[in-house]
Protein chains: 2
Amino acid sequence: MITETIMVIDDDQDLRESIVEILEDDGYTVTACATAEAALQVLAEKTPRLVLVDNMMPGMGGMALLPLLKREYPATKIIMITAFSTVDNAVAAMRGGADDYLSKPFRRDDLLVAVRRALEVLKFDLQHEEPCMDEALTCLSNPIRRQILAALSVNGHMRFMDITRTLGISDHTKVNFHLKNLKTNNLISQNREKTYRLTPQGEKIIDCLHLLSKRISS
Amino acid sequence: MITETIMVIDDDQDLRESIVEILEDDGYTVTACATAEAALQVLAEKTPRLVLVDNMMPGMGGMALLPLLKREYPATKIIMITAFSTVDNAVAAMRGGADDYLSKPFRRDDLLVAVRRALEVLKFDLQHEEPCMDEALTCLSNPIRRQILAALSVNGHMRFMDITRTLGISDHTKVNFHLKNLKTNNLISQNREKTYRLTPQGEKIIDCLHLLSKRISS
DNA sequence: GCTGTTTGTGAACAGTACTTCACAACTGGA
DNA sequence: TCCAGTTGTGAAGTACTGTTCACAAACAGC
């Protein structure tokens with residue numbers, strides 16, 4: 001009933017097809033690619049939540065693909081597959097952002113165990129969100145607060161009436177209300193000269209807002 | 001009073017220092033780097049909202065840096081500087097995500113005009129957010145709705161009571177309320193068999209949630 | 001000192017978001 | 001057929017969020 005999509009990236013056709021078969025037999029939906037470059041194309045369309053990638057491939061190898069995947073699709077889990085497996089190799093892969101590591105040759109069960117474990121971790125990840133997420137998102141749910149953050153991001157630091165006038169809001173106490181809200185949530189701070197500015201936290205949030213708008217509108 | 005931070009990346013020390021001087025004279029705060037690699041280090045710490053980058057540099061060149069910057073810091077504007085400027089060159093840079101293009105040698109005013117224009121666009125970007133942002137963020141401001149999206153992301157598609165039980169909520173009408181909300185905001189859809197699943201829009205949002213939590217917690 | 005602007009507080013009110021409840025249509029099996 | 005579980009609606013109430021207003025301290029300029 002519930003099918004999870006998994007991507008397999010391996011230039012070795014035999015191995016690739018055998019992995020696909022094992023996973024499909026176990027009820028997963030599988031997308032297979034022969035090269036990292038082809039995989040990136042597919043990923044841009046539809047992002048699976050788990051990727052199996054071979055270390056050694058012509059063109060872009062698994063190790064080169066790792067940081068790209070981690071940056072672009074941070075939620076996606078990655079299992080690295082290697083033929084000539086050494087400790088250094090494994091450590092490098094894990095440090096590079098792989099979530100698990102399979103040495104060739106592996107048995108059917110090794111593969112399935114690794115896959116299930118990765119998906120379990122994913123489940124856990126998704127259901128235990130950071131507590132600060134709630135505060136941040138509640139803050140952002142109000143357009144005035146977003147405008148204040150945007151204005152501060154543009155202008156660096158502003159005084160109270162600067163903000164009020166920039167937003168074109170006649171009632172200054174309304175702005176004050178939202179400033180207080182942002183202040184208690186540590187997104188902005190106020191120094192001795194009473195000027196407001198973004199905290200590092202606030203800057204991250206603004207950055208995320210940009211990401212959101214780019215992704216949502218595209 | 002209001003100082004904007006600008007990053008300059010150029011291996012040519014003379015040119016770099018002259019750019020820094022021009023910008024500082026005009027009241028900007030400037031961070032200068034001799035290589036793209038050094039710049040990436042600095043960017044991870046503090047992200048300026050405008051970067052001037054030379055096309056030709058030993059190591060990673062401007063064109064290679066472009067996609068990295070665009071992906072990692074989508075809000076940051078990029079002005080590309082080139083010595084051997086051709087049309088192809090310029091077009092490639094703009095298509096690669098540069099926001100403006102300066103040919104060497106340029107005059108002091110050429111530089112300042114380009115910088116001011118980029119900052120103006122930035123201002124505009126920030127103050128005219130997508131209208132759908134408001135809906136999306138209002139949706140996300142509720143933890144139950146986030147949990148529903150997360151559950152659907154993990155399980156692909158679920159029926160009504162699956163969701164209710166997964167979230168451990170005894171009153172099913174409460175879940176219904178939030179499902180309806182998500183449905184009217186086009187983040188989830190329901191097919192003939194009454195199962196709910198994420199829309200493409202909803203998948204994007206979940207992806208953003210991951211990004212947010214990674215960025216906020218780090 | 002007076003005057004006007006800036007910055008701020010708290011209480012009352014308005015509006016929205018959320019929850020609860022009572023009820024009902026539908027669905028698949030014994 | 002009846003029964004139990006599923007899926008859903010709308011109204012009423014509650015809680016929370018946001019707005020407005022009346023007021024005031026701090027400060028700058030004259």
Side-chain angles (χ1 to χ4, degrees), chain A residues 1-2 129 131-152 155-198 205, chain B residues 1-2 129 131-152 155-198 205:
Chain A
M1 186 55 124
I2 288 164
E129 66 172 28
C132 56
M133 281 284 278
D134 198 64
E135 291 166 19
L137 286 168
T138 304
C139 262
L140 291 183
S141 69
N142 182 294
I144 293 181
R145 286 196 290 268
R146 290 200 297 279
Q147 282 178 49
I148 293 175
L149 290 177
L152 286 175
N155 296 318
H157 54 263
M158 300 171 87
R159 286 182 315 155
F160 178 70
M161 286 310 285
D162 290 343
I163 297 174
T164 305
R165 274 188 282 266
T166 300
L167 303 199
I169 293 173
S170 54
D171 184 358
H172 70 278
T173 64
K174 188 190 218 162
V175 176
N176 213 324
F177 171 81
H178 293 289
L179 279 173
K180 218 159 155 184
N181 186 319
L182 289 167
K183 212 161 34 170
T184 58
N185 282 296
N186 269 317
L187 299 185
I188 62 173
S189 63
Q190 198 178 16
N191 60 12
R192 301 105 246 140
E193 301 99 39
K194 305 250 176 197
T195 65
Y196 292 92
R197 62 174 64 234
L198 294 177
I205 293 272
Chain B
M1 186 56 126
I2 288 165
E129 67 172 26
C132 58
M133 280 286 278
D134 198 64
E135 291 166 20
L137 287 168
T138 305
C139 261
L140 292 183
S141 69
N142 182 293
I144 293 181
R145 286 196 289 268
R146 288 200 299 276
Q147 281 177 51
I148 293 175
L149 291 177
L152 286 174
N155 296 318
H157 54 264
M158 300 172 86
R159 285 182 314 156
F160 178 71
M161 285 311 283
D162 289 344
I163 297 173
T164 305
R165 273 188 284 265
T166 300
L167 302 199
I169 292 174
S170 55
D171 184 357
H172 71 277
T173 63
K174 189 191 221 163
V175 177
N176 213 323
F177 171 82
H178 292 289
L179 279 173
K180 218 159 155 183
N181 186 319
L182 289 167
K183 212 161 33 168
T184 58
N185 281 294
N186 271 317
L187 299 184
I188 64 174
S189 63
Q190 199 178 15
N191 59 12
R192 298 108 246 137
E193 302 97 39
K194 305 245 175 202
T195 66
Y196 291 93
R197 63 173 65 236
L198 293 177
I205 293 273

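Note that this is a predicted model, so its numbers are computed, not measured. We name chains A, B, ... by the order of the sequence lines, and we start the count at 1 in each one. Any value given below was found using the heavy atoms of this structure, including those in side chains, with hydrogens, waters and symmetry copies removed.
Across every non-hydrogen atom of A:Pro143 and A:Ser141, the tightest pair is CD-O, 3.7 Å.
Using a 4.0 Å cutoff on non-hydrogen atoms, the parts of residues 172-181 of chain A near DNA chain C are A:His172, A:Thr173, A:Asn176, A:Lys180, ordered by number.
Put simply, CD1 on B:Ile169 and CD1 on B:Ile148 are 7.0 Å apart, with the number rounded to the nearest 0.5 Å. To the nearest 0.5 angstrom, A:Arg146 atom CZ is 4.5 Å from B:Asp134 atom CG. Between the CG atom in B:Leu152 and the CD1 atom in B:Ile188 there is a gap of 6.0 Å [rounded to 0.5 Å].
When rounded to the nearest whole Å, the span between CG of B:Asn142 and P of C:dT16 equals 18 Å. Following rounding to the nearest Å, A:Gln147 (CD) and D:dG18 (P) show an atom-to-atom distance of 14 Å. Protein atom CD1 of B:Ile163 is 9 Å distant from nucleotide atom P of D:dT7, rounded to whole Å. Here the P atom of nucleotide C:dT7 and the NE2 atom of A:His157 are 13 Å apart, to the nearest Å. Rounded to whole Å, atom P of C:dC18 lies 12 Å from atom CD1 of B:Ile169. Residue B:Leu167 contributes atom CG, which lies 12 Å from atom P of C:dT19 at whole-angstrom precision. The interatomic distance linking B:Asp171 (CG) with D:dT6 (P) rounds to 15 Å, in whole Å. Remark: C1' of C:dC18 and CG of B:Leu140 are 17 Å apart, rounded to the nearest angstrom.
Judged by distance alone, with hydrogens and angles left aside, the side-chain atoms of A:Asn176 form no donor-acceptor pair with the main-chain N or O of A:Thr173 at under 3.5 Å. At least one donor-acceptor pair closer than 3.5 Å links the side chain of A:Asn185 to the backbone N or O of A:Asn181. Using a distance-only test at 3.5 Å, with no hydrogens or angles considered, a donor-acceptor pair links the side chain of A:Arg145 to the main chain of A:Thr138.
Between A:Phe160 and A:Tyr196, the ring-plane angle classifies as tilted under the 30° and 60° cut-offs.
The side chain of A:Tyr196 places no N or O atom within less than 4.0 Å of a non-bridging phosphate oxygen (OP1 or OP2) of C:dT6. A sub-4.0 Å separation between OP1 or OP2 of D:dT6 and a side-chain N or O of B:Arg165 is present. Taking only side-chain nitrogens and oxygens, A:Arg145 comes nearer than 4.0 Å to OP1 or OP2 of D:dG18.
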N/O to N/O distances under 3.5 Å, protein versus nucleotides 25-30 of chain D:
none

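Counting only heavy atoms from C-beta on, A:Phe160 has its side chain closest to C:dT7 among C:dT7, C:dC18, D:dT20. Of the candidate nucleotides D:dT6, C:dT19, D:dG8, D:dG8 has the atom lying nearest to any side-chain atom of B:Gln190.
Annotation: side chain of B:Gln190 is not in contact with side chain of B:Thr195 (no heavy-atom distance under 4.5 Å).
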